[in-house]
Amino acid sequence: MIRTTRTTAGTTVYRRKLVFLSALAGALALVYALTLVFDPDRRHGRAFAWLDHPGLHYLADRIEISGPAGTTVLVRRNDVWVLSDPGAGGAEGGPGGAWQGFPVRQQRVQDLFAALSRREAYTLRANSLEARERLGLSIGSASRIVVRGGPGLPLVDLLIGYGGAVGREVYLARAYEREIYSGDDRFSLFTDSGPGFWLDFRLFAASYSAAMVQQAEFAFAPPGGAPPVSYVLRRDGGGWVLQGNESAALVNARVEAWLRAVLEAEGEGLGTEAPPAIEASVTLWFGDGTARTIQVGPAEGGEGYRRAVVSPSPLVYVLSPWTVDRLFRKSGDFLR
């Protein structure tokens with residue numbers, strides 16, 4: 001009888017231990033599951049784009065880019081992106097505006113939109129304020145790209161922090177969200193560069209092509225008071241002729257190569273004043289009846305840089321001697 005009682009008691013204790021251990025295992029499993037959900041340092045990857053819909057970039061009218069080189073602001077005017085004063089419109093940054101209203105490289109802006117719209121795989125690294133400080137993502141210290149489109153909240157407000165531990169990775173976060181991700185660094189190229197990275201110093205817009213040019217007029221004023229020299233190249237059918245000497249044998253490939261060099265020419269920067277005198281000019285006439293004239297002043301300084309204006313633009317470009325040599329050629333350079 002006593003033996004039976006002891007056996008029953010042992011079974012009861014065993015069952016109680018089994019229930020306790022099962023409950024403990026369940027509790028540990030629950031804690032582990034909650035840890036996976038709420039652990040700020042968990043790693044979880046997913047693919048997305050910072051600019052959620054590629055079509056949103058058509059709504060954008062202002063881009064604010066802050067980084068080591070300061071703040072650059074781009075605004076869209078008449079569907080053309082231009083440089084704006086970073087001190088205007090509530091953007092962060094000091095006074096600027098030396099090149100305010102100057103067109104920027106439109107393709108470079110599209111490259112930025114492409115990077116923001118690209119669907120990439122990002123790894124979730126943290127979601128705490130402490131982690132933001134540690135990873136260089138606090139507002140005021142992180143690099144930042146803000147894309148605005150009219151009134152209201154920005155279309156994108158992206159923070160770029162320190163580099164990640166793996167290769168070209170960088171830490172990224174939306175400005176007013178807790179989640180911190182890591183992924184390929186496609187944005188430091190834009191945030192680490194100053195206004196010069198964006199400015200378009202080309203004398204002609206990309207929309208011009210050599211096939212559009214119907215006539216080119218040259219004029220040179222040699223130094224020392226020598227008589228000015230001028231000549232005209234005119235398109236004739238599928239080739240080119242020297243006006244007034246149509247029998248001269250021109251090499252059409254040389255004329256076309258020169259035209260491409262002119263239309264692709266770039267300045268080294270901008271000047272503040274027009275050249276004091278004009279030593280050479282070339283005017284291109286286009287098929288729609290419009291014309292653009294490049295006027296170049298005398299060489300300045302020991303390196304021979306020259307200031308130039310391109311009508312009808314009010315801007316003053318600084319040209320290198322190499323660029324000037326490509327722009328202005330003697331008529332004999334085109335002869336066979």
Side-chain angles (χ1 to χ4, degrees), residues 43-76 81-84 86 89-94 96 103-129 131-149 153-200:
R43 297 187 176 186
H44 176 65
R46 66 187 183 94
F48 62 90
W50 298 105
L51 192 60
D52 298 327
H53 192 286
L56 287 177
H57 74 267
Y58 292 109
L59 302 176
D61 55 20
R62 183 181 177 90
I63 304 172
E64 301 161 14
I65 304 166
S66 302
T71 298
T72 300
V73 178
L74 312 176
V75 295
R76 182 183 290 192
W81 287 97
V82 301
L83 197 69
S84 182
E92 295 180 5
V104 299
R105 293 182 178 273
Q106 306 300 299
Q107 184 57 51
R108 194 152 286 175
V109 178
Q110 298 308 315
D111 292 342
L112 173 60
F113 280 126
L116 291 169
S117 303
R118 182 169 179 167
R119 187 176 177 84
E120 293 274 4
Y122 294 100
T123 302
L124 182 61
R125 297 293 184 180
N127 63 359
S128 68
L129 295 178
R132 277 182 175 265
E133 296 283 347
R134 175 165 47 88
L135 301 178
L137 286 167
S138 58
I139 294 179
S141 62
S143 296
R144 191 174 186 178
I145 299 174
V146 182
V147 179
R148 303 185 186 277
L153 297 176
L155 304 176
V156 178
D157 194 344
L158 177 64
L159 300 176
I160 300 96
Y162 299 144
V166 181
R168 289 274 300 164
E169 279 195 341
V170 68
Y171 294 110
L172 303 157
R174 291 185 174 90
Y176 300 104
E177 295 184 7
R178 295 176 61 90
E179 290 80 5
I180 297 172
Y181 297 88
S182 66
D184 289 344
D185 184 6
R186 302 187 183 278
F187 304 107
S188 294
L189 171 66
F190 304 103
T191 59
D192 291 357
S193 303
F197 171 80
W198 298 94
L199 290 173
D200 190 351

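The first residue in the sequence is number 1, and the count goes up from there. All heavy atoms count here, side chains included; hydrogens, waters and symmetry mates do not.
- For Trp198, there are no side chain to side chain donor-acceptor pair (under 3.5 Å) partners, not counting sequence neighbours.
- Scanning all heavy atoms of the two residues, the minimum distance from Glu179 to Ala173 falls at O-CB, 3.5 Å.
- For the pair Leu51 and Ser117, the tightest heavy-atom approach, listed with the atom from each and the gap, is CD2-OG, 3.4 Å.
- Legend: residues meeting side chain to side chain donor-acceptor pair (under 3.5 Å) with Asp185, ordered by chain and number and at least two apart, are Ser188.
- Nearest heavy atoms, Pro195 versus Leu83: CB-CD2, 4.0 Å.
- Residue Gly161 comes nearest to Val170 through the heavy atom pair O-CG2, 3.4 Å, listed as atom of the first residue, atom of the second, then distance.
- The closest side-chain heavy-atom distance from Arg46 to Leu124 is not below 4.5 Å.
- By the salt bridge (Lys or Arg N to Asp or Glu O under 4.0 Å) test, Arg119 is found to be paired with no residue, residues two or more places apart in sequence or in another chain being considered.
- Not a single side chain to side chain contact (heavy atoms under 4.5 Å, CB included) links Ala69 to another residue, sequence neighbours left out.
- Note that CG of Leu129 is 8.5 Å distant from CD1 of Ile180, once rounded to the nearest 0.5 Å.
- Taking CG from Leu172 and OG from Ser182, the interatomic distance works out to 8.0 Å, rounded to the nearest 0.5 Å.
- The salt bridge (Lys or Arg N to Asp or Glu O under 4.0 Å) pairs that include a residue from residues 187-199 number zero, where partners must be two or more places apart or lie in different chains.
- Within the 4.5 Å cutoff, the side chain of Asp157 has heavy atoms near those of the Arg144 side chain.
- Of the possible donor and acceptor atoms, one in the side chain of Arg108 sits under 3.5 Å from a partner among the backbone N and O of Phe197.
- Heavy-atom minimum distance, Leu137 versus Ala142: CA-CB, 3.8 Å.
- Residues meeting the ring-ring contact (aromatic ring centres under 6.0 Å, His included) test with Phe48, sequence neighbours left out: Trp50, Tyr122, Tyr181.
- Residues Ile145 and Val156 fail the side-chain proximity criterion, which asks for heavy atoms closer than 4.5 Å.
- Legend: residues meeting side chain to side chain contact (heavy atoms under 4.5 Å, CB included) with Ala60, ordered by chain and number and at least two apart, are Trp81, Phe113, Val147, Leu155.
- Partners of Asp111 under the side chain to side chain donor-acceptor pair (under 3.5 Å) rule, at least two apart in sequence or in another chain, are Gln107.
- Applying the salt bridge (Lys or Arg N to Asp or Glu O under 4.0 Å) rule to Glu120 yields the partners Arg118, Arg186; only residues at least two apart in sequence or on another chain are considered.
- For Arg105, the salt bridge (Lys or Arg N to Asp or Glu O under 4.0 Å) partners at least two apart in sequence or on another chain are Glu266.
- For Asp184, there are no side chain to side chain donor-acceptor pair (under 3.5 Å) partners at least two apart in sequence or on another chain.
- With hydrogens and angles disregarded, a donor-acceptor distance shorter than 3.5 Å links the side chain of Gln106 to the backbone of Val104.
- Remark: Asp52 CG to Leu116 CG distance equals 10.5 Å, nearest 0.5 Å.
- Summarising the geometry of Leu158 relative to Ile160, their closest heavy-atom pair is O-CD1, 3.9 Å, with the distance given to 0.1 Å.
- Residues Leu159 and Arg132 meet the side-chain proximity criterion, which asks for heavy atoms closer than 4.5 Å.
- Rounding to the nearest 0.5 angstrom, the gap separating the OG atom in Ser66 from the CZ atom in Phe190 is 15.0 Å.
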